[in-house]
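Predicted, not measured: the structure shown is a model, and the values here were computed from it. Along the sequence shown, residues carry numbers from 1.
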Amino acid sequence: MSPHGKLDGEHVLVLTTNYGTEQDELRKPVAVLRENGARVTVAAQKDEAVRTLVSDRRPGAEVRPDTTLAKARPEEYDAVIVPGGTLNADRLRTDADARRLVGAFAEAGKPVAAICHGPWLLVDSGLARDRELTSYPSLRADLENAGGTWLDREVVVDTSGPHPLITSRRPRDLDAFAAAIVRALAGS
């Protein structure tokens with residue numbers, strides 16, 4: 001970390017579908033990381049605009065992806081972020097490329113971060129087992145059934161496993177979520 005708190009040289013990958021991602025859960029971590037000097041790449045299922053939603057209902061901003069999930073190479077990045085949005089997370093959890101990517105980050109010991117409904121991808125990727133994590137409260141049973149320990153906190157950072165796991169509950173926890181990601185990258 002430089003004297004100015006910059007993450008110069010750090011490169012972060014954000015995974016998303018092209019519809020239904022919670023606007024602020026995509027945009028805020030990207031903005032915070034970029035403000036701290038990190039390069040951020042948004043990877044979507046298709047090379048088309050990501051149509052976000054606000055509170056899973058209202059249309060949000062469109063975000064142009066930088067690449068696709070199929071083209072993203074985990075060895076080029078230092079961490080991965082999975083935003084929520086119920087529709088986004090439900091589609092992402094069944095996407096083979098998304099599962100491949102988070103699995104590769106975990107295997108390489110790199111930070112994996114997920115917020116709100118994003119931890120569904122951790123369930124389908126086998127990354128919740130024996131880990132402490134949080135999520136939107138309605139995912140509690142899914143995460144516990146997958147072998148995780150669910151905690152009702154704004155952010156949970158679990159460093160007990162082979163890779164740092166950073167999770168948060170909802171959009172109002174974004175400040176703590178983004179700060180935890182910055183801390184994890186600054187320590188790497």
Worked check of salt bridge (Lys or Arg N to Asp or Glu O under 4.0 Å) between K71 and D97: CA-CA 9 Å; K71 291 178 185 172; D97 287 314; over 6 Å; no

Donor-acceptor contact below 3.5 Å, side chain R27 vs main chain V63: no

Side-chain (R172) to main-chain (E154) donor-acceptor, under 3.5 angstrom: no

Side-chain donor/acceptor of S125 to backbone N/O of L122, under 3.5 Å: no

Partners meeting side chain to side chain donor-acceptor pair (under 3.5 Å) with Q45 (sequence neighbours left out): D95

Residue pair T68 / D47, side-chain donor-acceptor N/O under 3.5 Å: no

Backbone of K46 reached by a side-chain donor or acceptor of N18 within 3.5 Å: yes

E132 side chain vs G148 backbone, donor-acceptor pair below 3.5 Å: no

Donor-acceptor contact present, side-chain R99 to main-chain L121, <3.5 Å: no

Donor-acceptor under 3.5 Å (T134 side chain, R169 main chain): no

Side chain D24, main chain P171, donor-acceptor under 3.5 Å: no

Donor-acceptor contact present, side-chain K110 to main-chain Y77, <3.5 Å: yes

Taking every non-hydrogen atom, the tightest pair across G20 and L87: CA-CB, 4.1 Å

Short side-chain to backbone donor-acceptor contact, D78 and H11, under 3.5 Å: yes

Charged N-O contact under 4.0 Å between D173 and R153: no

Co-members of L151 in a cluster of I, L, V, M, F, W and Y side chains, linked at under 4.5 Å: V156

